Protein chains: 2
Amino acid sequence: MKTNVTMKDIAEKLNVSSVTVSKALNDKDGVSDELKEKIKSLAEKMGYRYNTMAKSMKDGRSYNICVVIPERFTGMTQSFYLKVYQNITQILEERGYYGIIHILPNEDEDQLRLPRIYHERRVDGFIMLGQPSRAYSDLMQTIDMPLVFLDFYDENGDVDAVITDNFYGAYELTNYLIQQGHKDIAYVGNLFSTSSIQDRFLGYYKSLLEHKITLKDDYVIKDRDDRGTYVDMEFPKQMPTAFVCNCDQVAHLLMEKLQKSGFKVPEDCSVVGFDNDIYATLTSPNLTTVEVDIEEMAKNAVKFICEKMDDPNATFGRVAVKGKIIFRESVKNIK
Amino acid sequence: MKTNVTMKDIAEKLNVSSVTVSKALNDKDGVSDELKEKIKSLAEKMGYRYNTMAKSMKDGRSYNICVVIPERFTGMTQSFYLKVYQNITQILEERGYYGIIHILPNEDEDQLRLPRIYHERRVDGFIMLGQPSRAYSDLMQTIDMPLVFLDFYDENGDVDAVITDNFYGAYELTNYLIQQGHKDIAYVGNLFSTSSIQDRFLGYYKSLLEHKITLKDDYVIKDRDDRGTYVDMEFPKQMPTAFVCNCDQVAHLLMEKLQKSGFKVPEDCSVVGFDNDIYATLTSPNLTTVEVDIEEMAKNAVKFICEKMDDPNATFGRVAVKGKIIFRESVKNIK
DNA sequence: CTGAAAGCGCTTACAG
DNA sequence: CTGAAAGCGCTTACAG
């Protein structure tokens with residue numbers, strides 16, 4: 001099998017022009033069905049493989065979309081982001097695009113270095129998956145390419161973003177806890193770390209407000225510093241009966257700490273998480289949590305980026321995709 | 001900022017030819033230093049970005065290496081493989097290449113469908129990360145492209161492979177258990193699932209042989225079916241004092257089962273794992289395990305694939321990279 | 001229905 | 001030190 005079969009090779013064998021071969025292989029008009037079949041089967045026989053690079057050169061597109069994930073998220077919720085990426089590539093594939101993952105090293109983020117892939121024109125657009133530093137997010141916005149934020153949004157910028165409906169997710173979860181008789185409910189998360197954590201907090205807070213429950217100062221428990229590194233959590237003096245955690249991993253950490261301190265879940269304290277990721281079923285009892293609709297999020301992100309490639313002025317704003325509560329065993333009815 | 005600045009644009013502004021611009025930007029001989037500097041700074045000012053595709057077309061290389069990971073591994077040890085991928089891209093980058101991850105869907109694996117990326121000539125070589133089905137691995141070998149297996153090898157084929165030294169890792173770990181006074185040591189893993197699991201078993205077995213300890217039939221405990229799906233593990237009638245698990249995740253599952261059945265680790269049973277991945281520190285007590293030298297493995301895989309691109313006949317055979325035992329709290333000295 | 005010509009942005013080999 | 005010519009493999013727009 002020759003390594004480099006081109007359209008021209010096929011054309012010569014059949015005594016036609018390479019234009020005709022191109023048309024046939026791309027199922028375009030202007031070739032008789034008979035000839036088309038002949039060309040296709042010969043291409044197959046000769047082991048012809050389409051050269052995307054040539055097409056790319058022609059129309060100035062790489063047909064690649066870069067999915068950028070800050071390095072520090074790969075340790076944290078790697079299973080989640082990898083799944084998101086998987087969904088993205090699948091959907092991109094339907095549109096003839098390819099998804100390329102780029103793990104953004106902490107150093108590059110600090111130094112404000114854009115991915116080499118950008119400087120080399122290997123991609124047509126960026127999906128930023130997971131919130132980078134403010135400066136880096138600003139930098140991304142100076143790029144003359146379609147950009148979509150996924151799973152976070154930027155407070156000031158007007159970048160199109162697809163996010164989980166963090167606010168309502170946490171709101172509904174907290175409502176559920178209150179229905180189960182809980183009144184002393186703490187929130188676990190650093191409010192200044194990411195927009196998701198902040199919005200989940202606000203949903204929790206809205207639920208408290210609606211039920212006329214006062215938010216106590218020490219009922220917001222810090223789980224990490226502003227860069228995202230976990231810190232030891234401090235229990236409030238008066239223990240709550242339930243904890244709303246900003247994510248499943250933190251719920252997992254919290255449950256470990258509770259159990260080490262002699263508290264039983266859910267007998268003494270109920271715990272809920274967010275994400276329904278690997279940590280949700282790694283804890284025992286398994287976590288009641290919010291399942292993020294990954295497929296829907298990926299679909300939206302891909303749709304936005306593709307439409308922006310065709311029309312650079314297209315904007316979509318902030319789209320929140322609804323999640324769904326998964327009921328498990330980490331909550332006790334204390335009525 | 002114009003979106004599409006080419007070498008020609010730069011050349012025209014400076015009244016030179018694009019050949020000169022090309023030479024200058026690539027730091028080649030044949031341009032005066034003065035002109036070179038002028039060109040470089042103008043390129044910077046005009047926001048010039050190199051068009052890799054054009055170069056690719058010229059010399060028939062995409063400068064992409066595809067890292068293929070079977071889908072079922074992404075759930076299992078995702079953290080590990082993502083780290084490996086990260087290392088690979090970093091090292092590839094030093095050589096001017098880019099690493100593209102491709103998660104191989106189960107369906108494509110069954111249907112023996114090669115990645116689209118291959119048919120579209122978007123890559124110059126493949127690193128297969130994680131063992132696919134036998135048929136798929138055979139299929140990969142029919143491809144006219146450099147191929148390196150990473151973290152597994154094929155029994156029959158003669159594909160170059162970089163693996164952890166599973167055999168000696170498990171051997172040394174088992175020796176350690178025996179030094180701590182253990183004699184009733186079970187192995188946890190399906191011997192027919194992957195070559196790693198098999199080799200780790202053999203290392204364990206060698207240690208038993210050397211210490212004249214008989215291998216009992218029911219001391220090999222099945223953890224998954226042949227496709228890799230976990231099954232409920234069955235304890236042997238007479239409980240061992242120690243378990244050698246084929247990986248940390250399985251050690252984690254085992255410890256959960258032990259603790260549910262009322263056994264304490266390490267008081268009643270010692271447990272060791274392999275990989276030193278996220279699960280090693282997710283268990284309590286933390287696992288004594290073998291840390292895989294990811295960087296060294298990635299380095300080798302990249303070196304092999306690059307040299308094979310330059311010389312398709314280059315072969316390297318099977319290279320086993322030594323790991324290192326990490327001592328934690330899951331083993332008790334029972335002497 | 002079929003094909004000759006031109007071009008995408010770069011590089012190589014050669015001439016001056 | 002500098003550049004004109006040709007070519008990588010395809011597609012588009014046009015002519016027949």
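Fair warning: this is a prediction, and the values are worked out from it, not measured in the lab. The chains referred to below are lettered A, B, ... by the order of the sequence lines, with proteins before strands, and numbering in each begins at 1.
Nearest heavy-atom pair, B:V5 versus B:G47, reported as atom, atom and distance to 0.1 Å: CG2-O, 4.3 Å. Counting all heavy atoms, side chain and backbone alike, A:R122 lies closest to B:Y63 at NH1-O, 3.2 Å. Closest approach of B:H102 to B:C66, counting heavy atoms only: CB-SG, 3.6 Å.
Contact check on B:D124 versus B:K308 returns no salt bridge, with no Lys/Arg side-chain nitrogen under 4.0 Å from an Asp/Glu carboxylate oxygen. Between B:K299 and B:E295 a salt bridge is recorded (basic side-chain N to carboxylate O distance below 4.0 Å). Taking 4.0 Å as the cut-off between side-chain N and carboxylate O, A:D310 and A:R61 count as a salt-bridged pair. Between B:D9 and B:K13 there is no salt bridge, since none of the side-chain N atoms of the basic residue sits less than 4.0 Å from a carboxylate O of the acidic one.
The side chain to side chain contact (heavy atoms under 4.5 Å, CB included) test with A:V159 singles out one residue from A:T315, A:V148, A:L147, and that residue is A:L147.
B:G60 comes within 4.0 angstrom of nothing in the nucleic acid, heavy atoms only.
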(request) Would you mind building the protein contact string for nucleotides 9-16 of chain C? One character per nucleotide, 5' to 3', B for base within reach (heavy atoms under 4.0 Å), S for sugar-phosphate only, - for untouched. (result) BBBB----

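OP1 and OP2 of C:dC1 both lie 4.0 Å or more from every side-chain N or O belonging to A:S32.
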(request) Could you provide the dot-bracket string of DNA chain D, using ( ) for intrastrand pairs, [ ] for crossing pairs and | for bases paired to another strand, with Watson-Crick or G-U pairs below 3.5 Å? (result) |||.||||||||.|||

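Separating the CG atom of B:N15 from the P atom of D:dT2 is a distance of 13 Å, rounded to the nearest angstrom. B:D9 has its CG atom 13 Å from the C1' atom of C:dC8, to the nearest Å.
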